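To start, the structure under review is shown below, and the notes come after it.
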There are 4 protein chains.
Amino acid sequence: MSEAHVGSDHAASGTSGNMETMDATVGVEMTKPMRADAVRNHEKILLAAEEIFALDGVTVPIDLIAERAGVGIGTLYRHFPTKESLYEAIVVTRISNVLEIADRYANDEDPGQALFNFLREFATQVADKQDLFESLIQAGIDIKSKLADQVEELVRRVDVLRQLAVDAGTVRADVTTTDMLNLVMGSCHAASHSDDDDVSLLRLVNIVIAGIQPHTVG
Amino acid sequence: MSEAHVGSDHAASGTSGNMETMDATVGVEMTKPMRADAVRNHEKILLAAEEIFALDGVTVPIDLIAERAGVGIGTLYRHFPTKESLYEAIVVTRISNVLEIADRYANDEDPGQALFNFLREFATQVADKQDLFESLIQAGIDIKSKLADQVEELVRRVDVLRQLAVDAGTVRADVTTTDMLNLVMGSCHAASHSDDDDVSLLRLVNIVIAGIQPHTVG
Amino acid sequence: MSEAHVGSDHAASGTSGNMETMDATVGVEMTKPMRADAVRNHEKILLAAEEIFALDGVTVPIDLIAERAGVGIGTLYRHFPTKESLYEAIVVTRISNVLEIADRYANDEDPGQALFNFLREFATQVADKQDLFESLIQAGIDIKSKLADQVEELVRRVDVLRQLAVDAGTVRADVTTTDMLNLVMGSCHAASHSDDDDVSLLRLVNIVIAGIQPHTVG
Amino acid sequence: MSEAHVGSDHAASGTSGNMETMDATVGVEMTKPMRADAVRNHEKILLAAEEIFALDGVTVPIDLIAERAGVGIGTLYRHFPTKESLYEAIVVTRISNVLEIADRYANDEDPGQALFNFLREFATQVADKQDLFESLIQAGIDIKSKLADQVEELVRRVDVLRQLAVDAGTVRADVTTTDMLNLVMGSCHAASHSDDDDVSLLRLVNIVIAGIQPHTVG
DNA sequence: TATGAATGAGCATTCATTCAT
DNA sequence: TATGAATGAATGCTCATTCAT
């Protein structure tokens, strides 16, 4: 009954396929690789969840996700023993994406602008993912271990960018990373609830960016 | 906190008969003053609701509020015929407070700074009131008539301040009022979820303020 | 606390005023006569209850009656310790009226037609009194002592009429009184739910009357 | 009693696949047959509901039905998404039975008696089914769409019988169908609340029948 | 005594989770 | 293993009745 749950919280990583490589995950004992159809279901569920959570946030009844995935609830629960675990799985993936983006910019040729460009991309990621938005906005309140850890990690990596920018003199030293991220999230929210298109989002983020630059006074 | 009470059903008037304040309320006929204990309960309920909604937002079960108020559910429902009505009562009061603050700054002697000072006060109001935060963040999505109207009104009044500032040359003309408010709300959120004290909130708001000023480039 | 409840279930007899004469009621110990205003309230309540029960039946919330009576619920409950008791009071009065009608016809000069005329009048009484209808229709199910007794009494008195008619040869001997009454009630119901006026009621009752006459075959 | 089940959500088909009976249902696409236990529960629920509604009418709390069925409330709600829908399911079935009976008599060899015989059968159907009684008695008041339609249909079909009888000269032309039905329902009620056996019911209905025949005077 | 505020059991319904097929 | 049926705690709300003013 419990032997196959392994994959439960794994990110549906871009290149699908090898669910078996998951053994790499720290401290997980060797387990039978998932059956092909199980893998397929796993992904169908994640896909449906991504879409639905993105639109409706946590509050959506879990049946809807199963239905959308074309899968029985029982199946869903076999893969994710808890609504929360599914939710986590989704958000973890999303944050992972963001982490990668951060890493990419960490090697940018223009360290003075890397943070800014990252923030703009971060914004577009968050903008239309209700779940991601909610999670980040909750982060630090009810410590959902895994997410909390990830968010911490996110902050750490973005902090690298921030440091680079500070060193390059493009960002004031007294602004923390979480502050910046939260401000950008405010922008995301503003944008997603206005009638404008994405342009407005960038405009907002640019305000934040302007705000964190030195010598601000006109 | 309990001073205003834009009573949904009854005005919880302290010393009754006060004709001046009566006239202020549009077209309300003289009603018997509430019984002493009723007033007490009304206030206990509002107080409990203020606290609990502030912490947990709309989703909190209404029994908890009754319990916290030390009152039966029936009593709660006598005073507020609907969960929504109670929620509204709370938030309406909160927004009313903010409206007054906006008005006060509209007459400020330094129109160039009025908006900024308002935003700072606005931030402290929103900072730890989950309900207010939620309402403002929902505004425009599910139109809960009364609140929607109020938020519109808020935007209108803050827009006065913005115009003054733009005229005074302290704020860029391409930033909308809702954008500013949403950015500040992002700040509030950031602050309320960090472990710092209120200082951090001000710092954040100041970033936003910096961002909306002209000649931003360092 | 309990001394004044005497009048509780009394019929609001036609000529108002002397509530004190109630002492006549069997087995009730001497009690202080009701205060004038109490009597007034008692009647206001009965009046309101008559109207509302007639329209809405038992299911109506008791607050509505108090409101209609222009009386607090507390007052209502002082006079009638139970919703049921109030209901009973009303219906008892109504049945009393019917009893009187029955008595009147018992002395009719045309014993062969007395029953028929009574049934017609009975029908008009029941027709638009939801409560009376309900009570009679319930009679015999949940034995609400007092009403049950009264209904029995009603049957007894109508049976006198039936006997007269049987003796006069205008009614078949094999039809019981309750049967007739119930059939008439069916008529009442039919009539009250059609769009016709009272004419239809009489037509229906006439069908019943036709049905209980001898030599029916065409 | 359980043979028909005009399934509100699913057809509780016994042997699945039966195309002929399928086609009978208008425009219903092939659906997976219900699981064995689901069917069992569906029937347990209907059975319990039939019994309880028959005794207590609509007002009975739905938990009681679940309990009687030996089923959780959740289960009940899975099968019938609303109290009303369950109620409807029951009554619809009942009326359907009556409709069939009416149809059967429409082809009777003795058109002069068909109506009478139908009324007698109708009476026995209604006699001890509180729910059916209530529904018919409510018909036309609060229009519960589906039931209202059905009752209309019932009236229509019975009207066929009435017409036949009128043509055959066994029934007066001035009696409407609803009048007859209501009178019979009065009979049902009378009978079901007396201590007699079913004989009394027939006797009552016969009175009505007598009443609607021509040349009534003795 | 009259008032109406307070009370809480009761009801219909939803939804995360478990379990039989 | 996949399915979806079963479960029941939880929630918003009503209304008969009691109790403080």
Side-chain angles (χ1 to χ4, degrees), chain A residues 1 3-4 34-35 37-38 40-41 59-67 70-84 86, chain B residues 32 34-42 45 59-66 69-84 86, chain C residues 1 3-4 34-35 37-38 40-41 59-67 70-84 86, chain D residues 10 32 34-42 45 59-64 66 69-84 86:
Chain A
M1 195 177 246
E3 76 279 44
M34 260 176 154
R35 260 171 40 178
D37 56 345
R40 214 159 34 244
N41 276 339
T59 61
V60 73
I62 209 162
D63 318 34
L64 290 191
I65 295 178
E67 191 184 13
V71 156
I73 333 176
T75 306
L76 190 155
Y77 267 89
R78 167 170 287 273
H79 287 270
F80 302 92
T82 282
K83 186 186 185 181
E84 180 133 350
L86 173 56
Chain B
K32 245 185 269 187
M34 266 173 125
R35 239 168 59 182
D37 57 346
V39 174
R40 208 158 40 242
N41 277 339
H42 196 89
I45 293 169
T59 61
V60 73
I62 211 161
D63 321 28
L64 289 191
I65 296 178
V71 154
I73 345 170
T75 304
L76 191 154
Y77 270 91
R78 163 176 279 271
H79 288 270
F80 301 92
T82 283
K83 185 186 184 181
E84 179 132 350
L86 174 54
Chain C
M1 192 177 246
E3 74 280 43
M34 262 175 152
R35 257 170 44 179
D37 56 345
R40 210 156 39 241
N41 276 339
T59 61
V60 73
I62 208 161
D63 317 35
L64 290 191
I65 295 178
E67 191 184 13
V71 156
I73 331 176
T75 306
L76 191 155
Y77 267 89
R78 165 170 289 273
H79 288 270
F80 302 92
T82 283
K83 186 186 185 182
E84 179 134 351
L86 173 55
Chain D
H10 338 262
K32 246 186 268 189
M34 265 174 127
R35 240 170 57 184
D37 56 347
V39 174
R40 207 157 41 241
N41 276 338
H42 197 89
I45 292 169
T59 61
V60 74
I62 210 159
D63 321 29
L64 289 191
V71 154
I73 343 170
T75 303
L76 191 155
Y77 269 91
R78 164 176 277 270
H79 289 270
F80 301 92
T82 284
K83 185 186 184 182
E84 180 131 351
L86 174 54

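Each chain gets a letter, A, B and so on, in the order its sequence line appears, and its residues count up from 1. The figures here come from the full heavy-atom set of this structure, side chains too, leaving out hydrogens, waters and symmetry mates. The structure presented is a predicted model; accordingly, all values stated were derived computationally and were not measured.
- Residue R40(D) contributes atom CZ, which lies 11 Å from atom C1' of dA5(F) at whole-angstrom precision.
- For T75(D), no side-chain nitrogen or oxygen approaches OP1 or OP2 of dA5(F) to under 4.0 Å.
- Both L76(C) and D63(D) lie near DNA chain E, and the one whose nearest nucleotide falls closer to the 5' end is L76(C).
- Between N41(C) and dA2(E) there is a side-chain polar atom (N or O) within less than 4.0 angstrom of OP1 or OP2.
- Put simply, the side chain of K83(D) gets close to the backbone of V60(D): a donor and an acceptor are under 3.5 Å apart.
- With dT3(F), dT13(E), dA2(F) as the candidates, the nucleotide lying closest to the side chain of V71(A) is dT3(F).
- We find that CZ of F80(C) is positioned 16 Å from P of dA16(F), with the value rounded to whole Å.
- Remark: C1' of dT3(F) and CG of D37(A) are 13 Å apart, rounded to the nearest angstrom.
- Considering all non-hydrogen atoms of both residues, I62(A) and Y77(A) come closest at CD1-OH, 3.9 Å.
- Backbone-only engagement by A38(A) is indicated by non-hydrogen atom pairs under 4.0 Å involving sugar-phosphate atoms exclusively.
- Separation of atoms CD (E67(A)) and CG (L64(A)) is listed at 6.0 Å; rounding is to 0.5 Å.
- Atom CG of L86(C) and atom C1' of dT17(F) are 14 Å apart (whole Å).
- The side chain of H79(C) contributes no N or O atom lying less than 4.0 Å from OP1 or OP2 of dT1(E).
- Considering only the side chain of I62(A), dA16(E) comes nearest among dT14(F), dA16(E), dT3(F).
- Contact annotation: R35(B) side-chain N/O to dT21(F) OP1/OP2 distance is not under 4.0 Å.
- I73(B) comes within 4.0 angstrom of a nucleotide base, judged by non-hydrogen atoms across all strands.
- Y77(B) has its OH atom 17 Å from the P atom of dC11(E), to the nearest Å.
- Not counting sequence neighbours, R40(C) has no partner by the side chain to side chain donor-acceptor pair (under 3.5 Å) test.
- For T59(D) and G74(C), each mapped to the nucleotide of DNA chain E holding its nearest heavy atom, the one lying further toward the 5' end belongs to G74(C).
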Pairing pattern in dot-bracket form [Watson-Crick, G-U; both distances under 3.5 Å; | = partner strand] for DNA chain F
.||||||||||||||||||||
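- Distance, R78(A) CZ to dG4(F) P: 15 Å, rounded to whole Å.
- The side chain of K83(B) approaches dG12(F) more closely than any other nucleotide in the set dT7(F), dG12(F), dA2(F).
- Between dT11(F), dA6(F), dC15(F), one nucleotide has an atom nearer to the side chain of P61(B) than all others, and that is dT11(F).
- The side chain to side chain contact (heavy atoms under 4.5 Å, CB included) with L76(D) is formed by just one residue from the set I45(D), N41(D), D63(D); it is I45(D).
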